[in-house]
2 protein chains.
Amino acid sequence: MDDDVWQWDTRADCEVRQILDRIADKWSLLVIALLERRTMRFTELRREIDGVSQRMLTVTLRHLERDGLVERTVHPVVPPRVDYALTPLGATLHEVIKSLVVWTEEHQNHIAVARSAYDARIAAEERLLGAP
Amino acid sequence: MDDDVWQWDTRADCEVRQILDRIADKWSLLVIALLERRTMRFTELRREIDGVSQRMLTVTLRHLERDGLVERTVHPVVPPRVDYALTPLGATLHEVIKSLVVWTEEHQNHIAVARSAYDARIAAEERLLGAP
DNA sequence: CTGAATCCGATCAGATACTG
DNA sequence: CAGTATCTGATCGGATTCAG
């Protein structure tokens, strides 16, 4: 059974890979995390997500909407008002994403130590090669 | 408590974001999934992962090694033999990744339907605009 | 306010050639 | 076998401008 689950990873063009690439992109995780709390407007999202450009937020939201993870609601008022909300499907994804973020939170110190050790080892090797 | 966990997502430069970008990249997930089964050699990984170039596999493995997720072992024989194995830290990450892949497997049909509906709706709107 | 469209520099990643 | 180095086309993404 486990073997069946992991069969996917040998094929480049399979559906799972496409979806993984989508939900693993830079801003999608953040958008989903924020919308899980509550419905938000475009400008609210832009203000909350530090570093995102207007263009990339728009692109990200369109992708999420297309995949059925986010619902876009246009209110016919002036000035325009557009609300973004997580769909039920998006909510189930959020549960999975949450475990990923929690793991990162718990292990970031461990990883920082590993990086320092690696960098120190590489630097030491380069000194050996530089002065033979 | 939930609020603390999700505090991270408003800052672009925080450690968690860097780590997420790393483990969410195109090939890392596949490498970790394969190495969880058993230790593998460079060429074995390359053959198993459809579509990866030699360069990108090397880069991915160096990143994972630096983060302490993968261990690289060089055997001083000819021809050269290099084994890659998941570290204990990498193994804990695999558990999290697995839930992500399982979610994708379970919902890929749902997403495919949503995409079709979205594309059809966009196409219909464009027809309305094209022939007024 | 919420976008769409365009331009353009930066980065990424594949192909190729070379090495121990 | 297991890489490194280099070149180059492709893609990404930010800044800017315009529109409903």
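We name chains A, B, ... by the order of the sequence lines, and we start the count at 1 in each one.
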[atom2] on [Y] to [atom1] on [X], rounded to 0.5 Å:
X       : Y        : atom1 : atom2 : answer
A:Arg81 : A:His75  : CZ    : NE2   : 5.5 Å
A:Leu20 : A:Asp25  : CG    : CG    : 12.0 Å
B:Asp83 : B:Arg38  : CG    : CZ    : 10.0 Å
B:Leu69 : B:His94  : CG    : NE2   : 12.5 Å
A:Asp67 : B:Arg115 : CG    : CZ    : 4.0 Å

Tell me whether the side-chain N/O atoms of B:Arg62 come closer than 4.0 Å to OP1 or OP2 in D:dT4.
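Checking B:Arg62 against D:dT4: at least one side-chain N or O falls below 4.0 Å of OP1 or OP2.
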OP1, OP2 of D:dA2 versus side-chain N and O of B:Thr43: anything below 4.0 Å?
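The answer is yes; a side-chain N or O of B:Thr43 sits under 4.0 Å from OP1 or OP2.
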Taking [atom1] from [X] and [atom2] from [N], how many angstroms apart are they, rounded to a whole number?
X        : N      : atom1 : atom2 : answer
A:Trp27  : D:dG13 : CH2   : C1'   : 10 Å
B:Leu57  : C:dC12 : CG    : P     : 17 Å
B:Ile122 : C:dG3  : CD1   : C1'   : 13 Å
B:Tyr84  : D:dC1  : OH    : C1'   : 11 Å
B:Glu44  : D:dG3  : CD    : P     : 13 Å
A:Asp25  : C:dC12 : CG    : P     : 15 Å
B:Lys26  : C:dG14 : NZ    : C1'   : 11 Å
B:Ile49  : C:dA13 : CD1   : C1'   : 15 Å

Whichever of A:Arg55 and A:Leu61 has its nearest DNA chain C nucleotide further upstream toward 5'
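Its nearest nucleotide being more 5', the pick is A:Leu61.
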From the list D:dT4, C:dG14, D:dC1, which nucleotide is the closest neighbour of the side chain of B:Arg41?
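So the side chain of B:Arg41 is nearest to D:dC1.
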Taking N and O atoms by type only, does the side chain of B:Gln54 place a donor or acceptor under 3.5 Å from a partner on the base of C:dG14?
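It does not, because no donor-acceptor pair links the side chain of B:Gln54 to the base of C:dG14 below 3.5 Å.
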How is B:Arg72 classified with respect to the nucleic acid when contacts are heavy atoms under 4.0 Å: base, sugar-phosphate, or nothing?
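Result for B:Arg72 = sugar-phosphate.
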